[in-house]
Amino acid sequence: MMIKGIIFLVVSTVIAAKFRKELFAFRRHGPYMFMAAEGLLVLFLLNGGFMFQNPFVLGQVFSWILMLISAGLAIMGFYALKTYGEAAADWEDTTRVVQEGIFRHIRHPLYVSLMFLVGGMLLKDLSLPAVLAFLTTFGFLVAASIVEQRENLAKFGDQYRQYMLHTKRYLPLIL
């Protein structure tokens, strides 16, 4: 347990350093992503030891399927941002609304990727602490996506508003 605490402190420090510029800018998505990253870390520390136990049990198989979907969405999302986003600085600072690739079907593929990842991690070992970590992390991912959507509306205006009318937030044709 002490080793997990040390790992949590070290990794949390790294995560805080990554989000340090926006950590208290609550009108931006950074603080919510920080909390989601912390939640994912907690979930990994709780359930990471179960990653390869009983690999062919239905829950484990479904868990791996969710995590593979997560990886696929992340790859497609980063590829589309890098290829079509015309980033000013880093990959996230796009200068145009990306509507190609996976973004043609959903507005927030990277958040959805993390949602699938936390779902997959939860299924590694269902326990009350893991369920609480999952719900908290999922909630912060939803909050981050909503705040980022507001940022995109402020940055891109009517072009993003039109994009919202034609593209679902998380799941094509559903939500």
Side-chain angles (χ1 to χ4, degrees), residues 1-19 22-23 29-83 85 90-92 98 100-149 167-175:
M1 190 58 138
M2 182 177 228
I3 291 178
K4 286 184 178 182
I6 292 169
I7 292 171
F8 179 80
L9 289 175
V10 169
V11 175
S12 289
T13 301
V14 172
I15 295 170
K18 196 282 189 228
F19 289 101
E22 292 191 6
L23 206 50
H29 70 280
Y32 306 98
M33 278 307 300
F34 170 77
M35 293 305 295
E38 289 289 292
L40 182 57
L41 174 59
V42 167
L43 202 50
F44 181 77
L45 290 172
L46 288 171
N47 286 357
F50 299 98
M51 292 287 281
F52 301 103
Q53 287 185 1
N54 303 313
F56 301 110
V57 172
L58 185 60
Q60 290 291 338
V61 171
F62 193 58
S63 167
W64 282 110
I65 290 170
L66 291 178
M67 292 194 297
L68 286 172
I69 291 169
S70 168
L73 285 168
I75 290 166
M76 289 186 286
F78 286 123
Y79 175 81
L81 285 175
K82 180 94 170 125
T83 304
D90 65 31
W91 60 271
E92 193 177 32
V98 178
E100 296 85 10
I102 189 69
F103 287 90
R104 182 179 334 177
H105 307 287
I106 52 176
R107 293 194 304 268
H108 299 292
L110 298 176
Y111 288 111
V112 175
S113 169
L114 291 171
M115 290 170 181
F116 274 99
L117 180 60
V118 297
M121 285 302 300
L122 170 65
L123 293 179
K124 291 295 172 192
D125 182 50
L126 284 171
S127 65
L128 181 59
V131 169
L132 293 174
F134 166 81
L135 291 173
T136 302
T137 305
F138 199 92
F140 277 111
L141 288 169
V142 170
S145 71
I146 291 169
V147 173
E148 185 173 321
Q149 193 162 272
T167 312
K168 297 294 183 185
R169 185 180 298 189
Y170 303 122
L171 298 173
L173 307 172
I174 301 169
L175 177 68

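One-based numbering along the sequence shown.
- Taking CZ of Phe44 as the start and OG1 of Thr137 as the end, the distance is 14.0 Å to the nearest 0.5 Å.
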Go through Val142 and Tyr170 one step at a time and tell me if the side chain to side chain contact (heavy atoms under 4.5 Å, CB included) criterion holds. CA-CA 10 Å; Val142 170; Tyr170 303 122; 3.8 Å; yes

Name the atoms and distances for all side-chain donor-acceptor pairs under 3.5 Å in residues 47-54, with sequence neighbours left out.
{"unit_1": "Asn47", "atom_1": "ND2", "unit_2": "Met121", "atom_2": "O", "d": "2.9"}
{"unit_1": "Asn47", "atom_1": "ND2", "unit_2": "Leu122", "atom_2": "O", "d": "3.4"}
{"unit_1": "Asn47", "atom_1": "ND2", "unit_2": "Asp125", "atom_2": "O", "d": "3.1"}

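- Here the closest heavy-atom approach between residue Tyr32 and residue Ala143 is recorded as CD2-CB, 4.0 Å.
- In this structure, Pro55 and Val61 approach most closely via the heavy-atom pair O-CG2, 3.6 Å.
- If you run side chain to side chain donor-acceptor pair (under 3.5 Å) between His108 and each of Gln149, Glu148, Arg169, only Gln149 comes through.
- Rounding to the nearest 0.5 angstrom, the gap separating the CE atom in Met67 from the CG atom in Leu123 is 9.0 Å.
- In this structure, CG in Leu66 is found 9.5 Å from NZ in Lys124, a value given to the nearest 0.5 Å.
- Remark: Leu58 pairs with no residue by the side chain to side chain contact (heavy atoms under 4.5 Å, CB included) rule, at least two apart or across chains.
- Side-chain contact check for Leu114 versus Leu117: some heavy-atom pair is nearer than 4.5 Å.
- In this structure, the side chains of Leu110 and Leu81 come closer than 4.5 Å at one or more pairs of heavy atoms.
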Carefully, step by step, assess Thr167 and Phe103 under the rule side chain to side chain contact (heavy atoms under 4.5 Å, CB included). CA-CA 8 Å; Thr167 312; Phe103 287 90; over 6 Å; no

Could you give me the CA-CA distance, side-chain angles and deciding distance for Met33 and Leu141, then say whether side chain to side chain contact (heavy atoms under 4.5 Å, CB included) is met? CA-CA 7 Å; Met33 278 307 300; Leu141 288 169; 4.1 Å; yes

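- Here the closest non-hydrogen pair linking Ser113 and Leu73 is CB-CB, 3.8 Å.
- Remark: the backbone N or O of Leu9 is paired with a side-chain donor or acceptor of Thr13 at under 3.5 angstrom.
- Remark: the backbone N or O of Ala133 is not paired with any side-chain donor or acceptor of Thr136 at under 3.5 angstrom.
- Note: His29 and Tyr111 have perpendicular aromatic rings, judged against thresholds of 30 and 60 degrees for the angle between ring planes.
- In terms of heavy-atom proximity, Ala80 sits nearest to Val98 at O-CG1, 3.9 Å.
- Of all heavy-atom pairs between Leu41 and Ser12, the closest is CD2-OG, 3.7 Å.
- Inter-residue side-chain proximity for Lys168 and Arg107 is flagged as unmet; no heavy-atom pair is nearer than 4.5 Å.
- Summarising the geometry, atom CG belonging to Leu23 is positioned 9.5 Å from atom CE belonging to Met35; distances are rounded to the nearest 0.5 Å.
- Put simply, CZ on Phe134 and CG on Leu43 are 8.5 Å apart, with the number rounded to the nearest 0.5 Å.
- The distance from the CG atom of Leu40 to the CD atom of Glu38 is 10.0 Å, given to the nearest 0.5 Å.
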